[in-house]
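Structure record follows, encoded as C-alpha coordinates.
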Amino acid sequence: FANDGQNIVSENQEPDKFYIIAIGYAKVLVRSIGGVTGGEGSDMVAVRRLGPGHSFGEAGLIYDQPRSATVQAEGNVILAWLPREQYMKHLSKYHIKWYF
(Lines give C-alpha, C1' and ligand atoms only; values in the text may rest on other atoms or scores of the structure.)
Protein backbone atom coordinates (compact mmCIF):
# COMPACT_ATOMS: atom_id res chain seq x y z
CA PHE A 1 0.00 0.00 0.00
CA ALA A 2 1.21 3.52 -0.82
CA ASN A 3 -0.39 6.80 0.20
CA ASP A 4 -0.99 9.76 -2.09
CA GLY A 5 2.34 11.44 -2.93
CA GLN A 6 4.45 8.67 -1.41
CA ASN A 7 7.46 7.48 -3.39
CA ILE A 8 7.07 3.75 -3.99
CA VAL A 9 10.61 3.56 -5.37
CA SER A 10 13.17 6.35 -5.72
CA GLU A 11 15.74 7.05 -8.39
CA ASN A 12 19.20 5.63 -7.54
CA GLN A 13 17.73 3.34 -4.86
CA GLU A 14 19.02 -0.22 -4.82
CA PRO A 15 16.35 -2.51 -6.31
CA ASP A 16 14.82 -5.13 -4.07
CA LYS A 17 11.32 -5.78 -5.47
CA PHE A 18 9.24 -6.10 -8.64
CA TYR A 19 5.88 -4.30 -8.37
CA ILE A 20 2.44 -4.65 -9.97
CA ILE A 21 -0.27 -2.05 -9.42
CA ALA A 22 -3.50 -3.72 -8.33
CA ILE A 23 -5.62 -0.64 -7.60
CA GLY A 24 -4.86 3.03 -8.20
CA TYR A 25 -2.39 5.08 -10.21
CA ALA A 26 1.22 6.19 -9.98
CA LYS A 27 3.44 8.49 -12.01
CA VAL A 28 6.96 7.77 -13.21
CA LEU A 29 9.31 10.69 -12.56
CA VAL A 30 12.77 11.24 -14.05
CA ARG A 31 15.25 14.08 -13.76
CA SER A 32 14.96 16.64 -16.52
CA ILE A 33 18.00 16.83 -18.79
CA GLY A 34 20.04 19.86 -17.83
CA GLY A 35 17.37 20.89 -15.37
CA VAL A 36 18.21 23.48 -12.76
CA THR A 37 16.81 22.65 -9.37
CA GLY A 38 14.96 25.27 -7.43
CA GLY A 39 14.63 22.99 -4.46
CA GLU A 40 14.28 19.34 -3.55
CA GLY A 41 12.61 17.44 -6.37
CA SER A 42 11.87 20.48 -8.51
CA ASP A 43 13.71 19.04 -11.52
CA MET A 44 11.64 15.86 -11.69
CA VAL A 45 9.39 15.42 -14.74
CA ALA A 46 6.49 12.97 -15.07
CA VAL A 47 7.04 10.78 -18.13
CA ARG A 48 4.39 8.11 -17.70
CA ARG A 49 1.28 7.23 -15.74
CA LEU A 50 0.83 3.67 -14.50
CA GLY A 51 -2.46 2.07 -13.53
CA PRO A 52 -3.99 -1.29 -12.61
CA GLY A 53 -2.07 -4.16 -14.21
CA HIS A 54 1.04 -2.10 -14.95
CA SER A 55 4.32 -3.30 -13.49
CA PHE A 56 7.67 -1.71 -12.75
CA GLY A 57 11.00 -2.42 -11.12
CA GLU A 58 12.19 -5.22 -13.39
CA ALA A 59 15.09 -3.35 -15.06
CA GLY A 60 16.98 -2.76 -11.82
CA LEU A 61 16.57 -6.41 -10.82
CA ILE A 62 17.56 -7.86 -14.19
CA TYR A 63 20.54 -5.58 -14.79
CA ASP A 64 21.49 -5.30 -11.10
CA GLN A 65 21.56 -1.50 -11.32
CA PRO A 66 20.06 1.26 -9.14
CA ARG A 67 16.53 2.44 -9.94
CA SER A 68 16.44 4.67 -13.02
CA ALA A 69 13.30 6.58 -12.01
CA THR A 70 11.06 7.49 -9.11
CA VAL A 71 7.53 6.07 -9.01
CA GLN A 72 5.13 8.13 -6.92
CA ALA A 73 1.57 7.28 -5.86
CA GLU A 74 -1.27 9.41 -7.25
CA GLY A 75 -3.92 8.84 -4.63
CA ASN A 76 -3.86 5.65 -2.58
CA VAL A 77 -2.34 2.67 -4.39
CA ILE A 78 -2.54 -1.04 -3.62
CA LEU A 79 0.45 -2.99 -4.91
CA ALA A 80 1.47 -6.60 -5.31
CA TRP A 81 5.18 -7.28 -5.26
CA LEU A 82 7.80 -9.99 -5.47
CA PRO A 83 11.15 -9.80 -3.69
CA ARG A 84 14.27 -9.97 -5.87
CA GLU A 85 14.97 -13.63 -5.12
CA GLN A 86 11.51 -14.82 -6.14
CA TYR A 87 11.42 -12.64 -9.25
CA MET A 88 14.80 -13.89 -10.45
CA LYS A 89 13.80 -17.48 -9.64
CA HIS A 90 10.75 -17.13 -11.91
CA LEU A 91 12.89 -15.69 -14.70
CA SER A 92 15.48 -18.46 -14.43
CA LYS A 93 12.70 -21.07 -14.48
CA TYR A 94 11.93 -19.97 -18.02
CA HIS A 95 15.58 -19.37 -18.97
CA ILE A 96 14.89 -15.70 -19.51
CA LYS A 97 18.03 -14.69 -17.62
CA TRP A 98 20.12 -16.04 -20.50
CA TYR A 99 19.01 -13.15 -22.65
CA PHE A 100 20.36 -10.53 -20.26
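Please read all numbers here as calculations on a predicted model, not as lab measurements.
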Please report the shortest heavy-atom distance between [X] and [Y], naming the atom on each side.
| X | Y | result |
| --- | --- | --- |
| Gly24 | Pro52 | O-CD, 3.3 Å |
| Asp4 | Ala73 | OD1-O, 3.7 Å |
| Val47 | Val30 | CG1-CG2, 3.5 Å |
| Val28 | Ala69 | CG1-CB, 3.8 Å |
| Arg49 | Glu74 | NE-OE1, 2.8 Å |
| Gly57 | Phe18 | C-CD1, 4.5 Å |

In Å, rounded to the nearest 0.5 Å, how long is the span from [atom1] of [X] to [atom2] of [Y]?
| X | Y | atom1 | atom2 | value |
| --- | --- | --- | --- | --- |
| Glu14 | Leu61 | CD | CG | 10.5 Å |
| Gln65 | Asn12 | CD | CG | 11.0 Å |
| Leu91 | Ile62 | CG | CD1 | 5.5 Å |
| Glu11 | Arg67 | CD | CZ | 12.0 Å |
| Lys27 | Leu50 | NZ | CG | 12.0 Å |
| Tyr25 | Asn76 | OH | CG | 14.0 Å |

Member of Ile23, Val71, Ile21 meeting the side chain to side chain contact (heavy atoms under 4.5 Å, CB included) criterion with Val77: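 For Val77, the side chain to side chain contact (heavy atoms under 4.5 Å, CB included) test succeeds with only one of Ile23, Val71, Ile21, which is Ile21.
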Main-chain N/O of Gly51 paired to His54 side chain as donor or acceptor, under 3.5 Å: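 At least one qualifying donor-acceptor pair exists.
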Connected via hydrophobic side-chain network under 4.5 Å: Leu82 and Met88: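 Yes; Met88 is reachable from Leu82 via cluster members.
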Pairwise side-chain contact, Arg31 with Met44, heavy-atom cut-off 4.5 Å (strictly under):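 The answer is yes, as the side chains (C-beta and beyond) meet within the 4.5 Å cut-off.
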